[in-house]
Student: 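Sharing a structure here in C-alpha cells format.
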Amino acid sequence: PIDEPEAPAESSALMSDDGSRTPLDRPYVFGREPQQDPSVQDGQAAPIRLADPDQLISRVQAYVFVDGEQVTIQDAKSANGTFIAAPGAADWVRLGDEPADLPVGWSIRMGRRVFTHYGAGV
C-alpha cells in the first residue's frame, strides 16, 4: 500500500440560522458594516456582513477570535449587545467588555441572527 498524507482536519464553524457556514480558521468581525473596523482594514480580520433590516445589529457588532481549537467572542460595544447561550439554555447571557469562550455547541445571538458553534467535520 502507498502511504498517503492525511488530509488536514477541517476547522470548526459557525452555522447561521439561514444555513450559511463560517469556518473558524481566522479572526472575524461581524456587523452591518464590518469593513469599517480597523482590524478588517489592515487585514488582521475578515468581515462578516449581516443583513439587518430592523437595525438591531451595529455597524461593528462583535469580534470572533480563533486560537487553535479555542474560540472566543467579544462584543464591540454594540448598542443592543451580543449574547451567548449554552445548548438547551432557556436564557441568553449578554457579553460584557471581556472576551468570552464559545465552546462547541454554544450559540451567539446578534439582533435576530443566531449562530451556533459546531466542531470540525460538520
Student: L102 and L24: same hydrophobic cluster, using ILVMFWY side-chain contacts below 4.5 Å?
Tutor: yes
Student: For F30 and L50: C-alpha separation, side-chain torsions, deciding distance, then whether side-chain contact (heavy atoms from CB on, under 4.5 Å) applies.
Tutor: CA-CA 7 Å; F30 285 76; L50 302 175; 4.1 Å; yes
Student: Does any N or O in the side chain of D42 come within less than 3.5 Å of the main-chain N or O of Q44, such that one atom is a donor and the other an acceptor?
Tutor: yes
Student: For the atom pair CD (Q61) and CG (D52), what is the distance rounded to the nearest 0.5 Å?
Tutor: 8.5 Å
Student: Taking atom CD of Q55 as the centre, does the number of heavy atoms from other residues, nucleotides or ligands within less than 6.0 Å exceed 12?
Tutor: yes
Student: To the nearest 0.5 Å, how far apart are CD1 in I84 and CG in D75?
Tutor: 11.0 Å
Student: Minimum heavy-atom separation for A79 to R94, with atom names?
Tutor: O-NH2, 3.6 Å
Student: Between the main-chain N or O of P103 and the side-chain N or O of H117, is there a donor-acceptor pair closer than 3.5 Å?
Tutor: yes
Student: Test V40 against every option in I48, V60, V29 by the side-chain contact (heavy atoms from CB on, under 4.5 Å) rule and name the one that passes.
Tutor: V29
Student: Checking the side chain of R32 only, and the main-chain atoms of I57 only, is there a donor and an acceptor separated by less than 3.5 Å?
Tutor: yes
Student: Quick one: does Q35's side chain have a donor or acceptor within less than 3.5 Å of a partner on Q41's backbone?
Tutor: no
Student: Could you measure the distance from the CD1 atom of I73 to the OG1 atom of T82? Nearest 0.5 Å is fine.
Tutor: 5.5 Å
Student: In Å, rounded to the nearest 0.5 Å, how long is the span from CD of E33 to OG of S58?
Tutor: 10.5 Å
Student: Test E69 against S12 for side-chain hydrogen bond (donor to acceptor under 3.5 Å, both in side chains), laying out the working first.
Tutor: CA-CA 8 Å; E69 293 186 21; S12 61; over 6 Å; no
Student: Determine whether L56 and V114 fall in the same hydrophobic cluster, where Ile, Leu, Val, Met, Phe, Trp and Tyr are linked whenever their side-chain heavy atoms lie under 4.5 Å apart.
Tutor: no
Student: What pair of heavy atoms forms the shortest contact from T116 to S107, and how long is it?
Tutor: OG1-OG, 2.8 Å
Student: Run the salt-bridge test on R113 and D17 with the 4.0 Å N-O cut-off and return the result as yes or no.
Tutor: yes
Student: Decide yes or no for D91 and V93: does some side-chain heavy atom of the first lie under 4.5 Å from some side-chain heavy atom of the second?
Tutor: no
Student: Considering only heavy atoms from C-beta outward, does the side chain of R112 approach that of D54 to under 4.5 Å?
Tutor: yes
Student: Tell me whether the centres of the aromatic rings in F65 and Y28 are closer together than 6.0 Å.
Tutor: no
Student: What heavy-atom pair brings A85 and W92 nearest, and what distance separates the two atoms?
Tutor: CB-CE3, 3.5 Å
Student: Any chance you could measure L14, atom CG, to R21, atom CZ, to the nearest 0.5 Å?
Tutor: 9.5 Å
Student: Check whether S16 reaches the backbone of D18 with its side chain - one donor and one acceptor, N or O, closer than 3.5 Å.
Tutor: yes
Student: Might you work through the side-chain contact (heavy atoms from CB on, under 4.5 Å) test for Q70 and D101, ending with a clear yes or no?
Tutor: CA-CA 7 Å; Q70 178 73 32; D101 289 340; 2.6 Å; yes
Student: CZ of F115 to CZ of R109: how many Å apart, nearest 0.5 Å?
Tutor: 13.0 Å
